[in-house]
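Note sheet for the following structure.
All heavy atoms count here, side chains included; hydrogens, waters and symmetry mates do not.
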Amino acid sequence: IVNIGADYFIKTDGIVSNTYRIRYTFKNQFGAVTFKDKFIQIFASPVAQFSSTNNCIIDPVVFTDDSGINPSPFPAIITNWQWSFGDGNFSVDENPSNPYILPGTYNVTLKVSTSQTCTDTSAPYLLKVGEEPDVDFVWSAICNNELTKFNDQSDPGTISVIDLYTWNFGDGSPLVTGDATIAKNPEHQYTSFGTYNVNLKVVTDDGCESDSTKRVFILPYSTVAPIS
């Protein structure tokens with residue numbers, strides 16, 4: 001119990017929700033003692049927490065309230081939400097979305113209140129919002145029956161990295177997909193000459209994806225016969 005002026009306050013941090021008896025004992029200058037009991041209910045505090053999906057600037061980031069209430073004999077529900085998205089925008093919806101204008105990192109917080117007016121605020125969550133990658137690639141060796149070497153030159157932006165590459169070489173062969181160690185700069189052998197629409201799709205660690213298609217010309221492979 002904390003005494004501030006003429007008032008007394010009970011620190012309830014860490015106290016299990018339940019009914020408690022509070023006894024006030026008074027002793028006068030003559031040594032006479034009296035007391036009075038009161039029963040109070042300590043309500044359960046909520047625990048503010050949330051998750052997010054689509055950390056890509058192309059679409060609004062969707063936030064989901066995952067808050068709960070500590071065990072209590074006194075039923076309660078969460079009735080109010082106060083979101084701060086770190087970019088100057090706010091919301092009081094339970095599961096809001098927020099469109100970020102610029103890529104970057106943002107401190108997002110959620111404050112929740114219960115039907116018994118108990119509150120909790122989440123620790124600031126550092127949300128990284130990535131930008132759409134700029135997909136580009138080049139190739140070399142343009143004859144059939146030779147290995148055509150493809151080289152990724154995509155730009156994922158300033159804060160993101162590319163997690164996944166998927167190549168479609170346009171000739172009906174199986175897609176080549178994987179991370180940078182597997183599929184960043186693949187080689188492919190075309191069996192027939194012609195024009196092929198080659199597509200590269202990339203996905204960043206922030207869930208941003210983009211693709212680019214280029215026309216690749218494969219020339220017929222020829223050999224020089226020796227002069228007899």
Linking I/L/V/M/F/W/Y whenever their side-chain heavy atoms sit closer than 4.5 Å, directly or via other members, would V129 and L110 fall into one cluster?
yes

Check whether any side-chain heavy atom of Y20 lies under 4.5 Å from a side-chain heavy atom of I15, and answer yes or no.
yes

For the OG atom of S210 and the CG atom of D136, what is their distance to the nearest 0.5 Å?
11.0 Å

4.5 Å side-chain heavy-atom contact, T34 and T25
no

Tell me, do I218 and E146 make a side-chain contact under 4.5 Å, heavy atoms counted?
no

Atom NZ of K36 and atom OH of Y24: how far apart are they, to the nearest 0.5 Å?
11.0 Å

Nearest-0.5 Å distance that lies between atom CZ in R215 and atom OG1 in T195:
5.5 Å

Can you give me every donor-acceptor pair (side chain of residues 69-83, partner residue at least two apart or in another chain, under 3.5 Å) with its distance?
residue : atom : partner : partner atom : Å
N70     : ND2  : S45     : O            : 3.2
N70     : ND2  : S45     : OG           : 3.2
S72     : OG   : S17     : OG           : 2.7
S72     : OG   : F74     : N            : 3.0
S72     : OG   : F74     : O            : 3.3
T79     : OG1  : S113    : O            : 3.4
W81     : NE1  : D65     : OD2          : 2.9
W83     : NE1  : D93     : O            : 2.7

Main-chain N/O of V138 paired to N151 side chain as donor or acceptor, under 3.5 Å
no

Residue that, paired with K128, satisfies side chain to side chain donor-acceptor pair (under 3.5 Å) out of D206, T105, N55:
D206

Going only through I, L, V, M, F, W and Y residues with side-chain contacts under 4.5 Å, is there a path from V112 to Y125?
yes

Can a donor-acceptor pair be found between the side chains of S173 and D171 at a distance below 3.5 Å?
yes

N/O donor-acceptor pair under 3.5 Å between N54 side chain and P60 backbone
yes

Which heavy atom in K111 sits nearest to a heavy atom in T119, and how many Å separate them?
CE-CB, 4.0 Å

Should the pair Y190 and H188 be assigned to parallel (<30°), tilted (30 to 60°) or perpendicular (>60°) ring geometry?
perpendicular

Examine distances only and state if a side-chain atom of W167 and a backbone atom of A183 form a donor-acceptor pair shorter than 3.5 Å.
yes

Spell out, as yes or no, whether a donor-acceptor pair under 3.5 Å connects the side chain of N185 to the backbone of D152.
yes

So, do N95 and T64 sit near enough that their side-chain heavy atoms are less than 4.5 Å apart?
yes

Residue pair N107, L126: steps toward the side-chain contact (heavy atoms from CB on, under 4.5 Å) verdict
CA-CA 5 Å; N107 284 316; L126 194 63; 3.5 Å; yes

A side-chain contact here means heavy atoms from C-beta on lying under 4.5 Å apart; do V203 and D163 qualify?
no

Shortest non-hydrogen contact from I57 toward L102:
CD1-C, 3.3 Å

Over all heavy atoms of both residues, which pair between A48 and D120 is shortest? Give the atoms and the distance, please.
N-OD2, 2.8 Å

If you compare all heavy atoms of P186 against all heavy atoms of V176, which two are closest, and at what distance to 0.1 Å?
CB-CG1, 4.5 Å

When you group the ILVMFWY residues by side-chain heavy-atom contacts below 4.5 Å and let the links chain together, are L219 and W139 in the same group?
yes

Which heavy-atom pair separates F43 from C118 by the least distance, and what is that distance?
CB-SG, 3.8 Å

Give a yes or no on whether the backbone of Q49 and the side-chain of S67 come within a donor-acceptor separation of less than 3.5 Å.
yes

Between E131 and P156 the two heavy atoms that sit nearest each other are CG-O, 3.8 Å

Evaluate side-chain contact (heavy atoms from CB on, under 4.5 Å) for L200 paired with S212, printing each intermediate quantity in order.
CA-CA 5 Å; L200 170 61; S212 177; 5.6 Å; no

Under a side-chain separation threshold of 4.5 Å, the hydrophobic residues clustered together with F217 are none

Does V16 belong to the same Ile/Leu/Val/Met/Phe/Trp/Tyr cluster as I22, with side-chain heavy atoms less than 4.5 Å apart forming each link?
yes

How about T177 and L164: do any of their side-chain heavy atoms sit closer than 4.5 Å?
yes

Counting distance only, does the side-chain N/O of K214 pair as donor-acceptor with the main-chain N or O of F137 below 3.5 Å?
yes

Check: N197/T213 side-chain N/O donor and acceptor closer than 3.5 Å:
no

With F85, the ring pair (Phe, Tyr, Trp, His ring centres under 6.0 Å) member among F63, Y106, F50:
F63

